[in-house]
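Please read the structure below before turning to the comments.
Heads up: numbering here begins at 1 and tracks the sequence. Start at 1 and go down the list; that is how both ligands and their atoms are numbered.
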Amino acid sequence: MSAAILDGTAAAAAIREELAARAAAWPGPLTLAVVLVGDDPASAVYVRNKEKACKKAGIRSVAHRLPADTPEADLRTLVASLNADPEVDGILVQLPLPRHLPEREILDLIVPEKDVDGFHPVNQGRVLLGDRAALAPCTPAGVLELLRRNDIPVTGKRAVIVGRSSIVGRPLAALLIAADATVTVCHTKTRDLAAEVARAEVLVVAAGRRHVVKPEWITPGAVVVDVGIHRLDDGTLAGDLDFAPTAERASAITPVPGGIGPMTIAMLLTNTVRAGLARRGWTG
Ligand code: NAD
């Protein structure tokens, strides 16, 4: 069996074009504020990619680049001013923050209606309650959207997630339950990972470790989504899975790069538009 490739790059481009087309109907631009503290090179690349994606989607982005030794009080003041700024529709604080800054406390300062990363407990709670209007975390939302755009229904399917982080595994479980899948969440204490993986009709791997799931565990025909991102010694990117042998067994599979990574940014744009329209009372 040779798997269909679930092309996140193409789907993300389509989403950006759809958003840009809708922007023409609005009285003015929507704005995403991006806060980057410090000089982590990977974070700088992520922020630049988000700025580029905003531009293509007709969204204004304003980056606030702060030095690595920014005092906590200054960052709190900036977030408070963005919360209060009527021109700002979405606020994103790029992670990781330098060690002296308390990540969770800073994220919790963002008002839920501008929390386009979907990390605030109010938004996470709404997702858990099955509220489709909630601003859902972008990576799990991107998984669902990529499946939807490839006409892969999850209703009634056995979905197995490997990983229970608060930004991927847990909210993904909530979104899949809301989409009527039967969901199993695996983690480092799961007793028999191979047996759980074998039950999957839809398998999502977000373990953050390479080759935790062996291709031979996967039931032939499963739909496989690889959320992991790893930079290999040769500079190339790879996912959690061993792509070629996994693709031999799957009916459909996401590549890395070009799968969930671009979908995550596309869902950030979508969340910014949803947040902006809801707050401003604009339609279209
Ligand atoms: P994390 O380290 O916070 O969580 C990993 C989870 O996997 C944990 O819940 C852990 O219990 C589970 N796990 C780890 N090893 C396991 C094993 N051997 N067996 C069973 N479960 C195991 O990671 P995260 O933030 O959720 O990210 C996961 C991966 O996804 C990383 O590679 C990260 O870079 C990537 N990621 C990608 C995007 C994207 O935009 N594509 C976004 C977020 C994260």
Quiz item: Near Asp39 CG, under 6.0 Å, is it more than 12 heavy atoms from other residues, nucleotides or ligands?
Solution: no
Quiz item: Among Gly142, Gly163, Ser165, Gly8, which residue places a heavy atom closest to atom 26 (O) of ligand 1?
Solution: Ser165
Practice problem: Among all protein heavy atoms, pick the one closest to atom 40 (O) of ligand 1 and tell me residue, atom and distance. | Solution: Thr264 OG1, 3.0 Å
Quiz item: Looking only at protein heavy atoms, which one is nearest to atom 31 (C) of ligand 1, and how far off is it?
Solution: Gly208 CA, 3.5 Å
Quiz item: Would you say ligand 1 has an N or O under 3.5 Å from any N or O of Ile229?
Solution: yes
Quiz item: Does Ser251 use its side chain to pair, donor to acceptor, with the backbone of Gly221 at less than 3.5 Å?
Solution: yes
Exercise. Could you find the nearest protein heavy atom to atom 27 (O) of ligand 1 and give me its residue, atom name and distance?
Key: Val168 CG2, 4.4 Å
Quiz prompt | Gly261 touching ligand 1 at heavy-atom level, < 4.0 angstrom | solution = yes
Practice problem: Distance to 0.1 Å, residue and atom name: give those for the protein heavy atom nearest to atom 9 (O) of ligand 1. | Solution: Arg164 N, 2.8 Å
Exercise. Taking the side chain as every heavy atom from C-beta outward, state whether Lys50 and Ser61 have any atom pair closer than 4.5 Å.
Key: no
Quiz item: For atom 25 (O) of ligand 1, what's the nearest protein heavy atom and its distance?
Solution: Ile167 CD1, 3.7 Å
Quiz item: Ile253 versus Phe243: any side-chain heavy-atom pair under 4.5 Å?
Solution: yes
Self-check item: Side chain proximity check, Leu66 to Asp74, heavy atoms < 4.5 angstrom
Solution: no
Quiz item: Are Leu176 and Lys157 side-chain neighbours, meaning at least one heavy-atom pair lies under 4.5 Å?
Solution: no
Practice problem: Report, in ascending order of atom number, the atoms of ligand 1 lying under 4.0 Å from any heavy atom of Ala206. | Solution: 5 (C), 6 (C), 7 (O), 28 (C)
Quiz prompt | Neighbour count above 12 (heavy atom, 6.0 Å) for Tyr46 OH | solution = no
Quiz item: Rounded to the nearest 0.5 Å, how far does CD1 of Ile91 lie from CG of Asp115?
Solution: 8.5 Å
Practice problem: Check each of Val212, Val227, Thr190, Leu95 against atom 37 (C) of ligand 1 and report the one with the nearest heavy atom. | Solution: Val227
Quiz prompt | Distance-minimising heavy-atom pair for Pro140 and Ile167 | solution = CD-O, 3.2 Å
Exercise. For atom 38 (C) of ligand 1, grab the closest protein heavy atom and report residue, atom and distance to one decimal in Å.
Key: Thr139 OG1, 3.9 Å
Quiz prompt | Distance from atom 2 (O) of ligand 1 to nearest protein heavy atom, with residue and atom | solution = Ala207 O, 4.5 Å
Quiz prompt | atom 20 (C) of ligand 1: nearest protein contact (heavy atom, Å) | solution = His187 O, 3.1 Å
Practice problem: Taking all heavy atoms of Asp242 and all of Thr246, pick out the closest pair and write down the distance. | Solution: O-OG1, 2.6 Å
Quiz item: Does at least one non-hydrogen atom of Thr188 fall below 4.0 angstrom from an atom of ligand 1?
Solution: yes
Quiz item: Going by the atom numbers of ligand 1, which of them fall below 4.0 Å from some non-hydrogen atom of Gly228?
Solution: 29 (C), 30 (O), 32 (O), 35 (C)
